[in-house]
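Report on the following structure.
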Amino acid sequence: MNIFVASLDYGMTNEDLQDLFEDYGSVSSAKIIFDKFTGRSKGFGFVEMDDNQEADNAIEELNESEVNGRKIVVKKARPKDAAW
DNA sequence: TTTGAGCGT
């Protein structure tokens, strides 16, 4: 299950993102998208979880939750190649 | 090489 996470704090790191979701289930990988020039976070990222039910639970629990004083957005990620 | 909606260096 690929998960899209947005509205993250610019100081957020991959470890912070993974640690957030690991609290709700097993995280396969977590990645913040960093800008090429600034080297800073773009404010969003992706989390991959092996267990779909844990992923869905994490989405509902972490969506619109407060992280680092910021209200984050957690949704199912869209495939880059095809539509739903 | 930007600061707040969005879908990947």
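Labels below follow one simple rule: chain letters A, B, ... track the order of the sequence lines, proteins then strands, and each chain is numbered from 1.
Test A:I32, A:D19, A:V47 against A:N14 for side chain to side chain contact (heavy atoms under 4.5 Å, CB included) and you get one pass: A:I32.
Contact record, A:F34 with A:S41: CD2-N, 3.5 Å, taken as the closest heavy-atom pair. The shortest non-hydrogen separation linking A:D50 to A:S28 is OD1-CB, 3.5 Å.
Counting heavy atoms from C-beta on, the side chains of A:E22 and A:L20 never come closer than 4.5 Å. A:M49 places a side-chain heavy atom less than 4.5 Å from the side chain of A:F21. Using a 4.5 Å heavy-atom cutoff, the side chains of A:E54 and A:S26 are in contact. For the pair A:F46 and A:I33, the minimum side-chain heavy-atom distance is below 4.5 Å.
The hydrophobic cluster of A:F37 has no other members, since no ILVMFWY side-chain heavy atom comes under 4.5 Å of it.
A heavy atom lying under 4.0 Å from DNA chain B marks the following residues of residues 1-8 of chain A, by number: A:N2, A:F4, A:A6, A:S7, A:L8. Contacts between residues 39-50 of chain A and DNA chain B, defined by a heavy-atom separation under 4.0 Å, are made by A:K42, A:G43, A:F44, A:F46. Within residues 12-32 of chain A, the residues having any heavy atom under 4.0 Å from DNA chain B are, by residue number, A:K31.
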Check step by step if side-chain contact (heavy atoms from CB on, under 4.5 Å) holds for A:Q18 and A:D23. CA-CA 9 Å; A:Q18 183 174 353; A:D23 190 56; over 6 Å; no
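No donor-acceptor pair under 3.5 Å is formed between the side chain of A:E48 and the backbone N or O of A:I3. Between the side chain of A:K71 and the backbone N or O of A:E64 there is at least one donor-acceptor pair closer than 3.5 Å.
Interface limits on DNA chain B: the 5'-most and 3'-most nucleotides within less than 4.0 Å of chain A heavy atoms are B:dT1 to B:dT9.
For the pair A:I33 and A:T38, nearest-nucleotide mapping onto DNA chain B gives the more 5' position to A:T38.
A search for salt bridge (charged side-chain N to carboxylate O under 4.0 Å, His left out) contacts involving A:R70 returns A:D9, not counting sequence neighbours.
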